Number of protein chains: 2
Amino acid sequence: MAKPPKENSPITEHLAYLLAQANREINRQLETRLSKEGVPVEQWRILKVLSDGNGHSMGELAEAVLLNHPTLTKMIDRMVSDALVYRVQDPKDRRKVLMFVSDRGKALSRRLNSLAVSQEEHIVESYGDKSTNELKRLLENLIGSAN
Amino acid sequence: MAKPPKENSPITEHLAYLLAQANREINRQLETRLSKEGVPVEQWRILKVLSDGNGHSMGELAEAVLLNHPTLTKMIDRMVSDALVYRVQDPKDRRKVLMFVSDRGKALSRRLNSLAVSQEEHIVESYGDKSTNELKRLLENLIGSAN
DNA sequence: CTTCAAATGTTGAATATTCAATATTTTCAC
DNA sequence: GTGAAAATATTGAATATTCAACATTTGAAG
């Protein structure tokens, strides 16, 4: 039974540590899959978010893909060079830049999604459908409560 | 009900994404607490692991604190400069270096643990005891099944 | 015993991330 | 309407991380 960790209890009883460890492992698995397309996980996230076809501002996008502003700017620079996405100045608010995915980006996004889905299926296989869903639910609640 | 994500389902239904998001938020909270001592989360992990008083090799330690080798080496360099830890060559296997925590490191570790425990108590408060324990259990199982 | 492969840790160069400062545009108080 | 403050994105310098190469030591095959 997990109890709230005391000062001398092992680090493996801390939620913060367990989250970091689980995240690291799952992220590595995903990274390995995506490396088939030579793309880092963050670019998958970016393309996936942009794939709704709407323009997203940099701030919005940074929040959604879990990157801070300057890091995102530089990653987007690369993706623009690779013609995966493009910038449009927001006509409603000219401070903002709206990001869109190109056709090339859409095609890549489809291939990446297929890899990501297959990874998740692999997790469900070895970890179980019930546990996976339960874990997702708990994570959503945690994220909601942590804001 | 969470289902295995399809190719066009939002990124928030991917376990990999939920883990990354939860980890990011909890890690930020912890970071904020630990900043009172001016110490990054990784150094808390290192001190905590070394606080069992046994010597740990760099490889072992890198695995335990979720850092890769060169990153750990450089962080340990800093901590040696700060007199928090020290290196001893393993007499049994002279390729290895055994890391130990100094008295100064132990004192800091106690203060950091207290901050970390208080953070976890805060999580339990707002998220619930039952959910927290259940989440920990599921994460442990995931980590076990992913190896 | 010698030699060669594997294990361990560190280093330096290349790359990526972050922090603080900047530029631009909008909003809001007056 | 004007000017100050806030919001948004980018940039450049400072830091940190990673990759590949290296050095040392051990283990094991012959």
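By convention in this document, chain letters (A, B, ...) are assigned in the order of the sequence lines, proteins followed by strands, and residues within each chain are numbered from 1. It should be emphasised that the depicted structure is a prediction, and the values quoted were computed from it without experimental measurement.
Checking the phosphate oxygens (OP1, OP2) of C/dG9, no side-chain nitrogen or oxygen of B/T73 falls inside 4.0 Å. Contact annotation: A/R78 reaches the phosphate of C/dA16 (side-chain N/O to OP1 or OP2, under 4.0 Å). Within the 4.0 Å cut-off from OP1 or OP2 of C/dT26, at least one side-chain nitrogen or oxygen of A/R94 is found. Residue B/R87 places at least one side-chain N or O closer than 4.0 Å to OP1 or OP2 of C/dT10.
Applying the 4.5 Å side-chain rule to ILVMFWY residues, one finds A/V88, A/L98, A/F100 in the same cluster as A/Y86.
At whole-Å resolution of the value, CG in A/L61 and C1' in D/dA9 are 13 Å apart. Spacing between atom CD of B/E63 and atom P of C/dG9 amounts to 12 Å, rounded to whole angstrom units. Between the P atom of C/dT10 and the CD1 atom of B/I76 lies a distance of 9 Å, rounded to the nearest Å. If you measure from atom CD of A/Q89 to atom P of D/dT10, you get 11 Å, rounded to the nearest angstrom. Between A/K74 atom NZ and D/dT17 atom P the separation is 16 Å, expressed in whole Å. Here the P atom of nucleotide D/dT10 and the CE atom of A/M75 are 14 Å apart, to the nearest Å. Rounded to an integer number of Å, the gap from A/D93 CG to D/dA9 C1' is 11 Å. Spacing between atom CG of A/N68 and atom P of D/dT10 amounts to 13 Å, rounded to whole angstrom units.
For CZ of A/R87, the number of neighbouring non-hydrogen atoms (other residues, nucleotides, ligands) closer than 6.0 Å is greater than 12. Atom CD of A/E60 has more than 12 neighbouring heavy atoms from other residues, nucleotides or ligands inside a 6.0 Å radius.
Nucleotides of DNA chain D nearest to A/V97 and B/D90 differ in position, and the one nearer the 5' end is that of A/V97. Sequence order on DNA chain C of the closest nucleotides to A/P70 and A/K92 puts A/P70 first from the 5' end.
Residues from residues 38-59 of chain A with heavy atoms under 4.0 angstrom of DNA chain D, sorted by number: A/S57, A/M58, A/G59.
Classification of B/D103 and B/K106 as a salt-bridged pair holds, one side-chain N sitting under 4.0 Å from a carboxylate O.
In this structure, the side chains of B/V117 and A/H14 come closer than 4.5 Å at one or more pairs of heavy atoms.
Checking C/dT18, D/dA9, C/dT10 against the side-chain heavy atoms of A/H69 singles out D/dA9 as nearest. Counting only heavy atoms from C-beta on, A/K96 has its side chain closest to D/dA9 among D/dT26, D/dA9, C/dT18.
For residues 30-53 of chain A, the set of pairs meeting the salt bridge (Lys or Arg N to Asp or Glu O under 4.0 Å) definition, not counting sequence neighbours, comprises A/E37-A/R111.
For the residue pair A/N68 and A/T71, a side-chain donor N or O sits within less than 3.5 Å of a side-chain acceptor on the partner.
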